[in-house]
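A, B, ... follow the sequence lines: proteins, then strands. Residue 1 opens every chain. What you see below is based on every heavy atom in this structure, not just the backbone, and it leaves out hydrogens, waters and symmetry mates.
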Amino acid sequence: MAAATIDAPFEVYRFDPAKDPSPRYQRYSLSLPPHTPVLTALLKIRAELDPSLTLRYSCRSAICGSCAMLVNSKSRLACQTQIGPEIARHGRIVVDPMRNLPVLRDLVTEMRPFWSNYRRIEPHLIVDPERPMPVDKPTTMTPEQVARFEETPRCIACAACYSACPAVEADPAFPGPMALAKLYRFVVDPRDAATKQRLVKIQPGGLWLCLRCHLCTEACPKGVRPSERIMDLKELALQAQGATEAGSRHALAFKDNIRERGILNELRLVRQTSGYGGILAQLPQGIRLVRKKPEIRKTPKEIQGREEVEKLYEILDPEEHS
Amino acid sequence: MRLAYYPGCVAQESGKELDLATRWVAKKVGIELVEFPNFSCCGSGFIDEANPTLNVALNARNLAIAEKAGLDVLTVCSTCQGMLALANSRYTEPKIRERVEGALAQIGMTYSGRTHVTHLLQVLTDEIGAEAIRRQVVRPLTGLKVGAFYGCHLLRPADRLRSESAEEPHSFEDLISALGATPVFYRGRVMCCGFPILFVKEPTANRIAARQIEDAKSHGADAMATPCPLCHISLDAYQNKAEHELGHALDMPVFHLPQLVGLALGATAEELGLPRHLVSTDSALRKIGGVAVPA
Ligand code: FES
C-alpha cells in the first residue's frame, strides 16, 4: 500500500551568475509522503520537472556532508530533513543555498573559503621529530584521553555550522566553528607536539570572536557541539598563554571584576579590558550613556557574603591568587 | 506566586529601567519578588570562558541560596537565565559536581542541583498565561508592530537549557499578540546581538547588531523588544554605532520585555524608565496612543 501523501509546495532559490541578473525563487508543487527527505524531493523536481536545477549531493545518508543548504532558513542536511515537520511548521518549504559562502549556481556554493579556514588550523598531527611515533607498535591512549575527542571526529565537514555562524558573517578574521572544533581535536590529542604553538597562533587568529551564540551547535547534524569545543579552547588558550588579546583580557578582567564585589563594576571593566586608552576611546559614547544612565559612574555596593565568593575563587581559581 | 528575584548586574546598574519595569509588572500580575542581597553575578559567559568550573560554582552558590529559601529563581536576563540553567546542566557531570560540591562545603553550603530557574518571559507565558495577561490589558498596543528579539542564552543550547524549541520559539510573539500588538517574524529574532564581543572587536559587534535591527525593520517592525538587558545594550545603547557601521539611520526603539507589558497594563513611560533609553521610544508611544510622551 502506498503511503499517504501531503501537498508539498516548494520555493527553490535559482541563480546562475553567468546568465541571471539576480536570483529568483521558483515554485514547484509536489505531493509526497511526509517522511520524504528534502533532498529526495529536490531530486524528483530535477528528474521530473526541471533538469536545470543544480545541487550537490552524494551519499543521501547524512555521511558525505555535501547536501547542506538552508531549509526554511535553517542550515541543514537536505538528506536528513523530512518534509512533513517543515510543512507542518511553515506550510511550505523554502530552499536556499548556504549562507556565508558565494553561490556558484542554484543551491551549490563555493566551498573554498570554508576549506581554506580549515587548512589555516593545520589539521594534521604535528609530531616531535625528537620523539617520532613508533612504527612497529600502535600508540596507546587512556580512555580519559580518548574521551576528550569523542565528538569532534563525527564531523562530516558539511559546513552547516559555517553557514549558521554570525561571526563568520560579520568578520572574515573568524575561522568558523568547524575549523576551531577541529583545532580542539588536535590540541587535546596526546600525540600532537604542537599544542602550545597551536593555541598561541589561534588567539590572534580569531578565537575570541566566537559569540557563544551556540547557533553552530544547533545547526550541526552530527552533535559535534562546536561552540562548546570553542569554549574548551578558550580555557586552554588562557592556560597556555594568559591574556594576550582583547578577548582573553576581557574574560580575565571580568573574572577579576566579579571577585572584588560579587557584582559587576561596569566602568572598571572597561578600564580593565582596554586600559586608560580604551576609556579615552570610549569617552564620547560614555558621555552619551552617562547622560541617560548616571549610575554607570557609581561603584556598585558589594554583595552580602562576598567572602564566600572570594573563598570559591581561592579554591577553584588558585593560580590567579598566587 | 513567590519567586527568588535574580535581577542580574545590569538591571541594578546601567539597565536600571529593566528593574523598575519588572517590579511594576510583577506587582500588577501578582508575582512576589523575594530579594537576596547575597546573590552574585552569573559570570555573563565571560567567567565560563576563563574558568568553567568556577562559573558553575558561583551559580551553584546562587541556586543553593534560593534552594535554602525553598524558592524557584526568577531571572529577567537571557544571559543570567542561560548561565544559571547551564550550571544546573554542568552540575550533573560527576567531575564538575565533585569539585563544586567540595568548594561549596567549604563555605558551609550544599546544593542538590534541583533549583528551577525561570525567566520572566516563561512565567508570563507558561505560568500566568498569555490569556490571563490579555485580560489585564487596559491599553492595547494596537497598531504597533513589534519584533521580538530572544537573546541566545534563553534558547541555546536547547538540550542543556531545556528551553522551548530554540529554532522556532513563539512564546514572546504570543505575548506580544496578547498585549494587542502585532508580532513581526524575522530571521534575526533568534540570532545573536553581538554583545559578547562588544568590548573585544566593537565594529564587528556593531555590524551584527545592525544586521538584526535592519532585518526587523525590513519586516515592518516599529519597535523591537528583548528579554535580555545585554541585547538591549547592543541594540539600544550602541545603536548609533550600528548605524555608523551601516552608513544609515535605523531609529529603532527597543523595549525591555516588562516595559512592553507594563505599557499595555497601564504604566506611564516614567514608571517604566523609558526616558533612560538612548534611542527615543516616542515614535512607538505615539503609535500606541493614550500614553503621555515624556517631555
Ligand atoms: S547527501 Fe551525503 S550528507 Fe546528505
Give, for atom [atom1] of [X] and atom [atom2] of [Y], the distance between the pair rounded to the nearest 0.5 Å.
| X | Y | atom1 | atom2 | result |
| --- | --- | --- | --- | --- |
| B:C41 | A:I258 | SG | CD1 | 3.5 Å |
| A:L312 | B:L54 | CG | CG | 7.0 Å |
| A:N257 | B:C9 | CG | SG | 8.5 Å |

I want to check something: taking the side chain as every heavy atom from C-beta on, are [X] and [Y] in contact at a cut-off of under 4.5 Å?
| X | Y | answer |
| --- | --- | --- |
| A:P294 | B:R276 | yes |
| B:I197 | A:R212 | no |
| B:F46 | A:K255 | no |
| A:I303 | B:F39 | no |
| B:L58 | A:Y313 | yes |
| A:K298 | B:E13 | no |

Can any side-chain N or O of B:R156 pair as donor or acceptor with the backbone N or O of A:C213 at less than 3.5 Å?
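At least one qualifying donor-acceptor pair exists.
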Side-chain donor or acceptor of B:N51 paired with backbone N/O of A:L316 under 3.5 Å:
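Yes.
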Under the side-chain contact (heavy atoms from CB on, under 4.5 Å) rule, what do B:L278 and A:K293 come out as? Steps first, then yes or no, please.
CA-CA 9 Å; B:L278 272 291; A:K293 299 165 182 282; 3.8 Å; yes
Between [X] and chain B, which part of the residue has a heavy atom less than 4.5 Å away: side chain, backbone, both or neither?
| X | value |
| --- | --- |
| A:Q282 | side chain |
| A:E295 | side chain |
| A:E228 | side chain |
| A:P166 | both |
| A:A173 | side chain |
| A:L209 | both |
| A:R225 | side chain |
| A:Q285 | side chain |

Provide the closest heavy-atom pair for [X] versus [Y] in the form atom of the first, atom of the second, distance.
| X | Y | value |
| --- | --- | --- |
| B:E49 | A:L238 | O-CD1, 4.1 Å |
| B:A50 | A:E235 | O-CG, 4.0 Å |
| A:L211 | B:I208 | CD1-CD1, 3.6 Å |

Evaluate the criterion side-chain contact (heavy atoms from CB on, under 4.5 Å) for residue pair A:I315 and B:R99; output intermediate values, then yes/no.
CA-CA 9 Å; A:I315 300 165; B:R99 289 190 70 200; over 6 Å; no
Under 4.5 Å, counting heavy-atom pairs only, tell me which of [options] racks up the most with chain B.
| options | value |
| --- | --- |
| A:M231, A:R261, A:R288, A:K311 | A:R288 |
| A:L233, A:I296, A:I263, A:V290 | A:I263 |
| A:K301, A:K234, A:E266, A:E307 | A:E266 |

Region of [X] in contact with chain A, defined by heavy-atom distances below 4.5 Å:
| X | value |
| --- | --- |
| B:E245 | neither |
| B:R61 | side chain |
| B:D48 | both |

Is there a side-chain contact (heavy atoms from CB on, under 4.5 Å) between B:R207 and A:D171? Walk through the geometry before answering.
CA-CA 9 Å; B:R207 277 200 296 280; A:D171 199 321; 4.3 Å; yes
Could you check whether the rings of A:H214 and B:H153 sit parallel, tilted or perpendicular, using 30° and 60° as the cut-offs?
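Taking B:H153 first and then A:H214, their aromatic rings stand perpendicular (interplane angle over 60°).
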Between A:E245 and B:K201, does any side-chain N to carboxylate O distance fall below 4.0 Å?
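Salt bridge absent between A:E245 and B:K201.
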Please rank [options] by heavy-atom pairs under 4.5 Å with chain A and give me the top one.
| options | value |
| --- | --- |
| B:K16, B:Q12, B:K241 | B:K241 |
| B:V100, B:N240, B:I65, B:D159 | B:N240 |
| B:G8, B:G82, B:P157 | B:P157 |
| B:S44, B:P275, B:G15 | B:S44 |
| B:S14, B:P196, B:S40, B:A103 | B:S14 |
| B:G194, B:C193, B:C152, B:C42 | B:C152 |

Is the terminal nitrogen or CZ of A:R249 (NZ for Lys, CZ for Arg) located under 6.0 angstrom from the six-membered ring centre of B:F199 and within 45° of that ring's axis?
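No.
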For B:Q106 and A:E314, which I'm curious about, is there any donor-acceptor pair between the side chains at under 3.5 Å?
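Result is no, nothing qualifies.
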Flag for B:E168-A:H90: side-chain donor and acceptor within less than 3.5 Å:
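Judged by distance alone, the side chains do pair up.
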If you apply the rule side-chain contact (heavy atoms from CB on, under 4.5 Å), what do you find for B:M109 with A:E308, and how did you get there?
CA-CA 10 Å; B:M109 281 185 168; A:E308 294 167 8; 3.5 Å; yes
If you count every heavy atom of other residues, nucleotides or ligands that lies below 6.0 Å from A:R297 atom CZ, does the total exceed 12?
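No, the 6.0 Å shell around CZ holds no more than 12 heavy atoms from other groups.
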